[in-house]
Amino acid sequence: MPVTRLKETASQTAGPYVHIGCVPSFAGLKGMYGGQDLGAVMLTEATQGERIAIEGCVYDGIGVPLTDAMLEIWQADAQGLYNARNETRGTADPSFTGWGRQPTAADGGLFRFETIRPGRVPWPDGRLQAPHITVWVVARGINLGLATRIYFEDEAEANATDPVLSRIEHKARIPTLIAKRSGDTYRFDIHLQGPHETIFFDI
Amino acid sequence: MIPNRPPVGGAYYPRDLLVHPPAYAPTYKTSILRSPQKARIGIDGSLSETTGPVFGHNILGELDNDMVLNYAAPGESAIGERTIVYGRVMDQDGRPVPNVLVEAWQANAGGRYRHKKDGYFAPLDPNFGGCGRTITREDGSYEFRTVRPGAYPWPNGVNDWRPAHIHFSVFGDGFAQRLITQMYFEGDPLIPLCPIAQTIPDKDALDRLIARYDPARTIPMDARAYHFDIVLRGRRATFFENRKEGL
């Protein structure tokens, strides 16, 4: 008999009303939690690093943008350090939590994060990963949150040796993970299905 | 160089997908166009997955975990069956997961959400928002006070009803532990009829989402109590992880 452990609690869809619990001010619950949704603002003046914005839509199998999704992002600071309890390599920028949360807009479905360009983080074997941001998507109709990564088109050299991108068999799908730059804003669309289906990770 | 120091951030046990609903669950119609069709690519955790955001107790207001009062006018309270939901967040090895954020949301006692997209004609309760949050204590425990949510109809089949449920969003220490789920109430006849609850193919996995009535924690003449434990993914912890010195 193999060793048995407790089973993880089963996931259920976040449903159409996820905003009430996670972004209550966006949902119209006036004054809840001091009137500011957690993760809405990632930056202060003191945050170190290059300011960037990331925006995009989440498209269903027909190509219609989801207007009821919620995204969370998790990233390193400008030095490549995570503001986490189990970050042992150093102390991350105290003015940057590294975590953001945004709904897709009720009108049009656009999401937008204002953040900084992340530094490079090592892979467990010591190689450096290309700058990237971890993304988690939940919505009505998504039964288990979807994990993906944002990479940056102007980091081609780092992307070429990234340990995650390198192990993707179908190279033609890699562009689904690469955000396109326009000024200080990167566009990152997520396609849940279809020929341009975004690569999702089992992390 | 950090000499002679054991790793604290091993990767998580691979997610057992058999306890989770499949992405494509056609009796839950919305999943049909929102389910990825290509295989997900497995990556054993790097720091990007084994680390996660930290939320301090200082973000919490006094009533954040009390949905009976946290949206109510002074001196008023939410309408409905006063209910305590409590339990523990732990990992697959049974270890408590302390100091992590737990968020909850739900319909009011009539089955209506305070949300512009909810058009059900059950009335809103002016004293109920349906939103709560807390941070687990050192032993992983958490507690909410609320009113029991009502069942409600929803457009899927022509006559589908959601069982009474509370949505939970849970953080762990690592972003790979992130989980959103729903808690049901023991004895609800709608659970086996619900297309969303039934997206979970494993009967035991669904059963673990059903909170048990706990007479011992019930407060006499005040509120009944339900017990709901949450298990997050466990983490390998070994001296023999494949890692270079100093990382």
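Numbers restart at 1 for each chain; the letters A, B, ... are given by sequence-line order, proteins then strands.
A:T97 does not touch chain B: none of its heavy atoms, backbone or side chain, sits under 4.5 Å away. B:L209 touches chain A through its side chain: at least one heavy atom from C-beta onward sits under 4.5 Å away, while N, CA, C and O do not. For a residue to count as touching a neighbouring chain, one of its non-hydrogen atoms must lie under 4.5 Å from one of that chain's; by this rule B:R208 touches chain A with the side chain only. No part of B:D202 comes within reach of chain A, as not one of its non-hydrogen atoms sits under 4.5 angstrom from that chain. Neither the backbone nor the side chain of A:A147 comes within less than 4.5 Å of any heavy atom of chain B. Contact annotation for B:A104: only backbone heavy atoms (N, CA, C, O) come within less than 4.5 Å of a heavy atom of chain A. If you measure heavy-atom distances from B:S169 to chain A, the contacts under 4.5 Å come from the side chain alone. Heavy-atom distances place no part of A:T4 under 4.5 Å from chain B, backbone and side chain included. Only the side chain of A:L146 comes within contact range of chain B, with at least one heavy atom under 4.5 Å from a heavy atom of that chain. Of the two parts of B:F55, the backbone and the side chain both hold a non-hydrogen atom closer than 4.5 Å to a non-hydrogen atom of chain A. Only the side chain of A:L144 comes within contact range of chain B, judged by heavy atoms closer than 4.5 Å. Neither the backbone nor the side chain of A:H170 comes within contact range of chain B; no heavy atom of the residue lies under 4.5 Å from a heavy atom of that chain. With a 4.5 angstrom heavy-atom cutoff, A:P16 touches chain B only via backbone atoms. Residue contact with chain B, scored on non-hydrogen atoms closer than 4.5 Å, involves the backbone and the side chain of A:V18 alike. Interface residue B:A39: only backbone heavy atoms are found under 4.5 Å from chain A. For A:Q75, no part sits under 4.5 Å from any heavy atom of chain B, backbone or side chain. For chain B, no part of A:H191 is nearby; none of its heavy atoms comes within less than 4.5 Å. Using a 4.5 Å cut-off between heavy atoms, A:D60 touches chain B through backbone and side chain atoms alike. Interface remark: B:E103 contributes side-chain atoms only to the contact with chain A (heavy atom separation under 4.5 Å). Contacts between A:I199 and chain B at a heavy-atom distance below 4.5 Å involve the side chain alone, from C-beta outward. Of the atoms belonging to B:E49, it is side-chain heavy atoms, and not backbone ones, that fall under 4.5 Å from chain A. Using a 4.5 Å cut-off between heavy atoms, A:F200 contacts chain B through both its backbone and its side chain.
Most heavy-atom pairs under 4.5 Å with chain A: of the set B:L63, B:D173, B:I43, B:V170, this distinction falls to B:I43. The greatest number of non-hydrogen atom pairs below 4.5 Å with chain A, out of B:D118, B:L206, B:L18, B:I32, is found for B:D118. The residue among B:H165, B:K117, B:H167 with the most heavy atom pairs within less than 4.5 Å of chain A is B:K117. Among the candidates B:L101, B:D229, B:N99, B:L17, the residue making the largest number of heavy-atom pairs closer than 4.5 Å to chain A is B:N99. Contact tally against chain B (heavy-atom pairs below 4.5 Å) for A:V58, A:L66, A:I62: the top residue is A:L66.
Heavy atoms only, all atoms of each residue included: A:R85 and B:P98 are closest at NH1-O, 4.5 Å. The shortest non-hydrogen separation linking A:Q12 to B:P21 is NE2-CG, 4.3 Å. Annotation for B:D91 and A:L6: closest pair O-CD1, 3.6 Å, computed over non-hydrogen atoms. Nearest heavy atoms, A:W123 versus B:D44: CH2-O, 3.7 Å. Closest approach of B:C131 and A:M32 over heavy atoms only: O-CE, 3.6 Å.
A donor-acceptor pair under 3.5 Å is formed between the side chain of B:T181 and the backbone N or O of A:A10. Counting only distance, with no hydrogens or angles, the side chain of B:Y28 and the backbone of A:T13 share no donor-acceptor pair below 3.5 Å.
For the pair B:K116 and A:F26, the cation-pi criterion (under 6.0 Å, within 45° of the ring axis) is fulfilled.
Ion pairing between A:D202 and B:R15 fails under the 4.0 Å rule for side-chain N and carboxylate O. The pair A:D68-B:R34 meets the salt-bridge criterion, with a side-chain N (NZ, NE, NH1 or NH2) lying under 4.0 Å from an Asp/Glu carboxylate O.
Side-chain contact between B:P53 and A:E72 is absent, with no heavy atoms from C-beta onward closer than 4.5 Å. Using a 4.5 Å cut-off on side-chain heavy atoms (C-beta onward), B:L232 and A:T9 make no contact. In this structure, the side chains of A:Y82 and B:T50 stay at 4.5 Å or more apart for every pair of heavy atoms.
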Verdict with reasoning, A:R5 to B:Y13, per side chain to side chain donor-acceptor pair (under 3.5 Å): CA-CA 10 Å; A:R5 290 193 163 75; B:Y13 304 140; 3.2 Å; yes
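For A:W74 and B:F171, the ring centers sit 6.0 Å or farther from each other.
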